[in-house]
Amino acid sequence: MKLIKAIIKPSRIDEVKEALNEFGISGMTIFEVKGYGRQKGHHELYRGAEYQIDFVPKVMLEIAVNDDSVADCMKVISEAAKTGKIGDGKVFVLDVAEAIRIRTGEIGTDALS
Amino acid sequence: MKLIKAIIKPSRIDEVKEALNEFGISGMTIFEVKGYGRQKGHHELYRGAEYQIDFVPKVMLEIAVNDDSVADCMKVISEAAKTGKIGDGKVFVLDVAEAIRIRTGEIGTDALS
Amino acid sequence: MKLIKAIIKPSRIDEVKEALNEFGISGMTIFEVKGYGRQKGHHELYRGAEYQIDFVPKVMLEIAVNDDSVADCMKVISEAAKTGKIGDGKVFVLDVAEAIRIRTGEIGTDALS
Amino acid sequence: MENQIFELQFALDTFYFLICGALVMWMAAGFAMLESGLVRAKNTTEILTKNVALYAIASVMYLVCGYQFMYGGGIFLSGVETVATFSKEAALAASVANGFDGDSVYAGASDFFFQVVFVGAAMSIVSGAVAERMKLWAFLLFAVVMTGVIYPMEGAWTWGGQEVFGMFSLNYSDYAGSGIVHMAGAAAALSGVLFLGARKGKYTKDGKINAIPGANLPLAALGTFILWMGWFGFNGGSTLKLGGMEVANEVANVFLNTNAAAAGGAISALIVAQILFKKADITMLLNGALAGLVAITAEPADPTPLTATIIGAIAGIIVVFAILGIDRMKLDDPVGAISVHGVCGFFGVMVVPFTDADATFGGQFTGALTIFVWVFITSSIVWFILKMLMGIRITEEEEYEGADIAECGVEAYPEFTSGGLK
Amino acid sequence: MENQIFELQFALDTFYFLICGALVMWMAAGFAMLESGLVRAKNTTEILTKNVALYAIASVMYLVCGYQFMYGGGIFLSGVETVATFSKEAALAASVANGFDGDSVYAGASDFFFQVVFVGAAMSIVSGAVAERMKLWAFLLFAVVMTGVIYPMEGAWTWGGQEVFGMFSLNYSDYAGSGIVHMAGAAAALSGVLFLGARKGKYTKDGKINAIPGANLPLAALGTFILWMGWFGFNGGSTLKLGGMEVANEVANVFLNTNAAAAGGAISALIVAQILFKKADITMLLNGALAGLVAITAEPADPTPLTATIIGAIAGIIVVFAILGIDRMKLDDPVGAISVHGVCGFFGVMVVPFTDADATFGGQFTGALTIFVWVFITSSIVWFILKMLMGIRITEEEEYEGADIAECGVEAYPEFTSGGLK
Amino acid sequence: MENQIFELQFALDTFYFLICGALVMWMAAGFAMLESGLVRAKNTTEILTKNVALYAIASVMYLVCGYQFMYGGGIFLSGVETVATFSKEAALAASVANGFDGDSVYAGASDFFFQVVFVGAAMSIVSGAVAERMKLWAFLLFAVVMTGVIYPMEGAWTWGGQEVFGMFSLNYSDYAGSGIVHMAGAAAALSGVLFLGARKGKYTKDGKINAIPGANLPLAALGTFILWMGWFGFNGGSTLKLGGMEVANEVANVFLNTNAAAAGGAISALIVAQILFKKADITMLLNGALAGLVAITAEPADPTPLTATIIGAIAGIIVVFAILGIDRMKLDDPVGAISVHGVCGFFGVMVVPFTDADATFGGQFTGALTIFVWVFITSSIVWFILKMLMGIRITEEEEYEGADIAECGVEAYPEFTSGGLK
Ligand SMILES: Nc1ncnc2c1ncn2[C@@H]1O[C@H](COP(=O)(O)OP(=O)(O)O)[C@@H](O)[C@H]1O
Ligand SMILES: Nc1ncnc2c1ncn2[C@@H]1O[C@H](COP(=O)(O)OP(=O)(O)O)[C@@H](O)[C@H]1O
Ligand SMILES: Nc1ncnc2c1ncn2[C@@H]1O[C@H](COP(=O)(O)OP(=O)(O)O)[C@@H](O)[C@H]1O
């Protein structure tokens, strides 16, 4: 089992969600994050003092998938999240040693929705 | 060392925290996330246009524990977080290669609170 | 490749960011979290009823680095984040199995900014 | 030429009534802000909806029948002169008859306008106490009865001067309504709270009282300032006449005393809170100011400014302990309405004899009791019927998710909250 | 001694005008709060900036030339008496000439003050409809022309009583401006919306209508209460005279009817929303109250209170369907300004003959049409020129990021939002 | 019959005073909203607490001794007529003596009411400048001295017409208090800022100025609108009489000029900000409007509307540069109070001789200097004593965590923020 962590642009979340749905992934956890990378933030101005917002809003997706689906799933996400402009984000894959569904106690890949 | 990632219902956070405390876990990091799974979101309505909120509020717990405690800790969380209704969440376990406590520089399991 | 997860005090984020920049790390993802550990929260009071805020605001940094840099990077973070007072936080290191840059499709360490 | 003077007096008094009425109408916004600041984000849309709708309902129901019950103004205001039916001759004749020093003469419509906004205020008191758990439509149906019948009836027995049912003749003095408006609202609120029960999570089984902090304290402070300002109209207008030196002086003293009592209440409540809790609890400060205002309302003209300040200060102390006590009795009142309007309203009524020689403690007590019993019992009957018919409480799940989504379909701050984790 | 009576009448009427004017000025805050509550967080600073700046521009432009165009008050108010140029003799002579029952006499400055705040109101209507996508400076330039020329011209043909161009002589009755102010504002707004197009993401290619919820509903409710309060000045002041029994009675009825219509509109819109959507949509409740206010504005004096309530209630029903219909026509109006002020303004104008025997449907329709055509066409010309010269819409990227950062450089709630993820 | 006219005049003038006073009281809400919008979320509860409490303290202290010091009204208002002590005969006699064109006669309580709300305004200015770092109770103790002694003394030497200490006789003209109220508040604020030092993180060691954005800009805009509205009472009431044609005309011109100056200030500040920063900085727009208001306050009656607009516009330009300059001097004033009320207050005082022939530059300068020196020195003494006794600044840790939790125990927006990460 793997945990896919994808950092994407907030504007692509709907597309990614739908693409994953079509692909058959029906469970995921997301949260708002701030990204720092090549894509630069913006300037704001307050009472004459300019200041730099370094961090860009991004969304992190965390999706546990079984080992077979990892490659395809990465592809699905990458394609749906891509705009071609700087700041499209990254996908990282981590190993999952164990998983359990709290409600039923199912473990392993059975625990995934 | 392992990192336990538990996605639970926001309403269960106090119970889980207390159960972990009793079990002897005294350090953790939590944050608000949005979950997507079998439990469906809700409809909202604004000026006549209905729209679907797909994501359900959840809380993510991240807890680093030493290898011996992992299984028990998962059990403790599962039991405390369980309501038996859809959407109770998942627990994932990841390997931790290294850990350090910033204040003291302690490494390995010594770094855990 | 490794994923460094660092939990630090919010007040140290600028120092850490700059130290990492100098070190040559130019990409990272951060988000606000709540920490529970030796550092205790505070009491609040509302209409005569006191209540305990157990969780302390912290910032989580997630940084993917190649294996060579891990040790140095941990050091850089630890030093920049350190105040010497309780609650300075932890750094955890996780293995990354795969990475991809969405915009270009580059994989592995090439995917890192 | 004397007629012209009477015309001016009529115009001035009418205008004074209208401006005071507009200030009291503005209190509806004050209650709305205060209450929406003190509930959690997830119940904010619903409390706003209730506050706007209840004011609208009060306006319509008092027009339909409330004014008739209270002052005999006719169903649908048929007895109030419109532009078409106004008789200048009659008005002039009345002016001459009253003489310059007698009762005031003003447009009937301005009297209705001034009275109707009071109904809204009485009803606004209820919404805060039952916040975060009551069904919207059950509440609005209650508002129909409260503003159309329950309030007008007790108003008729007091300000209306009617001896309905031959039941009692009160020698009861209540200038602007510490009892008639505020305690009445609180009585209905108390009954509602008893029927509803506490918010989930407010009191734990082991007897602990949990704090449920409000989501937006600047709104609560704004609401308090609005109420403070509107109260000048509430008490000032209750002099019922401006055109004359003595009454004008009285109106001025009412403004001054109203302000002084609010200030006294704010300061004393803040100090008590600081002593008790070691923190300057802003919600006590705000409730203290309102407590002072409620207390002075029963007699804002006669006290000296110093006495008014002291009355307000005592109310500010009372309200802190009332809030703590009522919480300990497990009566869950998210905004402190029962303490502010009920307890301090009663205090205000009972303190009148100290500054107004005509009032007696017996009369004040009897009057307060009558109002309380009437409103509490009739309210309870209405709550009971509503509970049987349609239920008055949202489901536990809806309460957890928030009344906003359940009742109104939209969150108040969709971009600011993401679950309210603490 | 007669002179002294006239002096008092003059003082009273001047004061009445000034207080009503202050209440109408306060409506600028109402529009600002309403609109900033109904847009997304990322466009809030910009809509606030527009609202404050447009009121300032209206104040200056109407002073520079608008008042001259509308009432002939002189460029830079050269025709309005200042402290230095005031002639008590002339004022007394005018008072005597008018007699006590004739036209009112009041300070010229108070008339300007009362008129200028109306200009701000007309312009505020536009800002809401074009929110979240229009360039700030294009909007402000439009405000210069609208408040300096477009509005004053149609005002001159109606309230100003001028027969400009010999084009037409309207027998058009519009007490406080359902058409002259509200529909005029809505006509400019409609034109702006057509030139601008919808917000990105509002309508999908497959014809779906997306909801774009407002960020801060308590502000929207507060704004509505402010408008409700300010409307007493808007309609009440439009009687133009207070000092006299008949007019004072009329003013009182105007206050009463204004309140009744708002209440009627709020209740009917809430009920319709509940029936249609099964939820008590607060935005419809708020728009319903405003719809009632707009509708009664054309004739707030003559209806009985019951009739006023009914007129308001009908407007409350109309506004819900108008909002849904206009959305279906893919006219993107984030706050419902076109429905509230345009559709209900027109309804208000057309309903006058039912309660005012002097008005005719023909006259009302001709007047409304004239106002609409004039404002719509001239606005369109101005929007077109602005579009050619500098563009009127922010870029797609700026729209995504939010007008606040693009135009004003600072977020409205920097600590509360972090991307607005849903 | 003449008596009746005097009675009406008395009533009208009293009412006018009371309404203007209520509008000025409303400014307390304006300051509270403005300041709570411009501080960070974590210091919001505390600034609200300060604003409500300082108004209450001002009300009480001015009643206790301030009014006595300033106008000799008696300790505890013992010299002000209550309902019991009012003598109609005396009032009528005074009216007859003054004649219809002489000084106004009105209820003493209304004069106190109008004066006391000014004290609150002066004190509100201070709270903004010392926000986000000053101890709550140290501030409130300062408020006791400021409102009970410091302000009343300089008020006595100017408006009070007293030659205290035989020190000086000012030929100083300050209609509604650009200097007496606004610059006085700013002088106390400046002293407080010097004693306190800047907020942690505002100025870095390498000389950089960091922006610390306000948490809730709609509140700041609302606060500005409230102040704008309340200023009609502030300046309008300062005419001190309404009942008479010439004074009524003057009041009308005051309203008009007040509005014009605010509009001028808003527009010019916005344009300057756009030119300097390439962004329409809303905080400059808001400060610009207030700058215009402050500047016109010293003489709102005599200028023509055009001149008033220009005076406001110049103040709007001044304020932008003042804010930038003061920031560069490392005087940390989170809301710009010193620039708006101090710099533009001084400008307003000095510009009087251009429109009022009786005023001289020398007199204006001497007066302004006297006020500034007196308030600055006495304030410094009080701040110094407070610093010695109890400390005036919260600890660094409390400042980091926020004054809300440290001082008041509760967050203003507990559900919206989670650390304010940027
Ligand atoms: N080394 C890294 N570790 C973790 N997250 C990263 C790293 N580098 C970039 N990111 C995340 O990816 C986002 C996009 O990266 P960026 O360099 O801006 O553009 P791109 O992905 O197109 O090269 C960043 O905003 C950040 O959230
Ligand atoms: N494959 C997955 N990867 C990551 N998180 C998941 C996954 N599936 C479910 N989740 C998380 O678990 C939560 C609960 O899942 P859900 O299917 O709704 O109910 P249950 O856990 O009872 O089966 C989801 O809201 C989501 O946050
Ligand atoms: N076992 C753990 N797993 C995950 N996070 C932890 C753990 N222990 C501590 N933390 C995080 O580290 C932060 C600091 O820990 P704490 O015990 O307060 O101080 P210190 O790091 O100085 O020992 C906590 O607030 C929490 O976010």
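Below, all heavy atoms of this structure are taken into account, side chains as well, without hydrogens, waters or symmetry copies. Numbers restart at 1 for each chain; the letters A, B, ... are given by sequence-line order, proteins then strands.
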Asker: Go through the atoms of Thr14(E) and report whether side chain, backbone, both or neither lie under 4.5 Å from a heavy atom of chain F.
Answerer: side chain

Asker: Which atoms of Val117(E) come close to chain F, meaning under 4.5 Å heavy atom to heavy atom: side chain ones, backbone ones, both, or neither?
Answerer: neither

Asker: Less than 4.5 Å to any heavy atom of chain E: does that hold for the side chain of Leu285(F), its backbone, both, or neither?
Answerer: side chain

Asker: In terms of heavy-atom proximity below 4.5 Å to chain E, should Asp13(F) be classed as side chain, backbone, both, or neither?
Answerer: neither

Asker: Let's test your reading of the structure: which of Gly244(F), Gly214(F), Pro213(F), Gly243(F) forms the most heavy-atom pairs below 4.5 Å with chain E?
Answerer: Gly244(F)

Asker: What part of Ala412(E) gets within 4.5 angstrom of chain F, counting heavy atoms only: side chain, backbone, both, or neither?
Answerer: both

Asker: Which pair of heavy atoms, one from Asn51(E) and one from Phe225(F), lies closest together, and at what distance?
Answerer: O-CZ, 4.2 Å

Asker: Sort Leu242(F) into side chain, backbone, both or neither according to what part of it lies under 4.5 angstrom from a heavy atom of chain E.
Answerer: both

Asker: Which heavy atom in Thr44(E) sits nearest to a heavy atom in Pro218(F), and how many Å separate them?
Answerer: CG2-CG, 3.6 Å

Asker: To the nearest 0.5 angstrom, please state how far the OG1 atom of Thr224(F) sits from the CG atom of Leu48(E).
Answerer: 10.0 Å

Asker: Could you report the tightest heavy-atom contact between Leu63(E) and Pro305(F), atom names first, then the distance?
Answerer: CD1-CB, 3.8 Å

Asker: Atom CE of Met245(F) and atom OH of Tyr106(E): how far apart are they, to the nearest 0.5 Å?
Answerer: 13.5 Å

Asker: Would you mind checking which part of Ile19(F) comes under 4.5 Å of any heavy atom in chain E, side chain (CB onward), backbone (N, CA, C, O), both or neither?
Answerer: side chain

Asker: Quick one: closest heavy-atom pair of Ala280(F) and Leu136(E), and the distance?
Answerer: CB-CD2, 3.1 Å

Asker: Find the distance between CG (Leu8(F)) and CD (Gln4(E)) and round it off to the nearest 0.5 Å.
Answerer: 11.5 Å

Asker: Look up atom CD1 in Ile57(E) and atom CG in Leu270(F), then write down how far apart they are to the nearest 0.5 Å.
Answerer: 8.0 Å

Asker: What I want to check is whether the side chains of Asn259(F) and Ser59(E) have a donor and an acceptor closer together than 3.5 Å.
Answerer: yes

Asker: Name the option with the most non-hydrogen atom pairs under 4.5 Å to chain E; the candidates are Val251(F), Ile282(F), Asp281(F), Leu12(F).
Answerer: Ile282(F)

Asker: Among the options Ile47(E), Thr85(E), Leu18(E), pick out the one with the most heavy-atom pairs lying under 4.5 Å from chain F.
Answerer: Leu18(E)

Asker: When Trp26(E) is tested against each of Trp228(F), Phe232(F), Trp26(F) for ring pair (Phe, Tyr, Trp, His ring centres under 6.0 Å), which residue passes?
Answerer: Trp26(F)

Asker: Side-chain contact, heavy-atom cut-off 4.5 Å: Val83(E) with Glu246(F)?
Answerer: no

Asker: Given that the side chain runs from C-beta out, which part of Trp231(F) has a heavy atom under 4.5 Å from chain E: side chain, backbone, both or neither?
Answerer: neither

Asker: Among Phe112(E), Phe76(E), Phe86(E), single out the residue with the greatest number of heavy-atom pairs under 4.5 Å to chain F.
Answerer: Phe86(E)

Asker: Contact part of Ala58(E) toward chain F, heavy-atom cut-off under 4.5 Å: side chain, backbone, both or neither?
Answerer: neither

Asker: Apply side chain to side chain contact (heavy atoms under 4.5 Å, CB included) to residues Phe416(F) and Tyr413(E) and explain how you reach the verdict.
Answerer: CA-CA 10 Å; Phe416(F) 301 167; Tyr413(E) 311 103; over 6 Å; no

Asker: Taking Asp404(E) first and then Lys279(F), would you say they form a salt bridge - that is, a charged N and a carboxylate O separated by under 4.0 Å?
Answerer: no

Asker: Tell me which of these, Ala91(E), Ala56(E), Ala107(E), has more heavy-atom pairs under 4.5 Å with chain F than the rest.
Answerer: Ala56(E)

Asker: Can you measure from CD (Glu407(E)) to NZ (Lys278(F)) and round to the nearest 0.5 angstrom?
Answerer: 14.5 Å

Asker: Measuring from atom CH2 of Trp137(E) to atom CD1 of Ile271(F), what distance do you get when rounded to the nearest 0.5 angstrom?
Answerer: 5.5 Å

Asker: Using every non-hydrogen atom in the two residues, find where Leu217(F) and Glu411(E) come nearest and quote the distance to one decimal.
Answerer: CD1-O, 3.5 Å

Asker: Let me know if Ala215(F) has heavy atoms under 4.5 Å from chain E in its side chain, its backbone, both or neither.
Answerer: both

Asker: Gly409(E), Cys408(E), Ser110(E): which one forms the most heavy-atom pairs within less than 4.5 Å of chain F?
Answerer: Cys408(E)

Asker: Can you say whether Ile405(E) sits under 4.5 Å from chain F via the side chain, the backbone, both, or neither, judging by heavy atoms?
Answerer: backbone

Asker: Which residue out of Val410(E), Leu92(E), Asn216(E), Val80(E) racks up the most heavy-atom pairs below 4.5 Å with chain F?
Answerer: Leu92(E)

Asker: Which of the residues Ala28(E), Gly108(E), Ser87(E), Ala22(E) is involved in the greatest number of heavy-atom pairs with chain F at under 4.5 angstrom?
Answerer: Ala28(E)

Asker: Is any side-chain heavy atom of Leu256(F) closer than 4.5 Å to one of Leu77(E)?
Answerer: yes

Asker: Which heavy-atom pair separates Glu81(E) from Asn253(F) by the least distance, and what is that distance?
Answerer: O-ND2, 3.2 Å

Asker: Report which part of Ser95(E) has an atom under 4.5 Å of a heavy atom belonging to chain F: side chain, backbone, both, or neither.
Answerer: side chain

Asker: Between chain E and each of Leu222(F), Thr309(F), Val254(F), count heavy-atom pairs under 4.5 Å; write down the option with the most.
Answerer: Leu222(F)

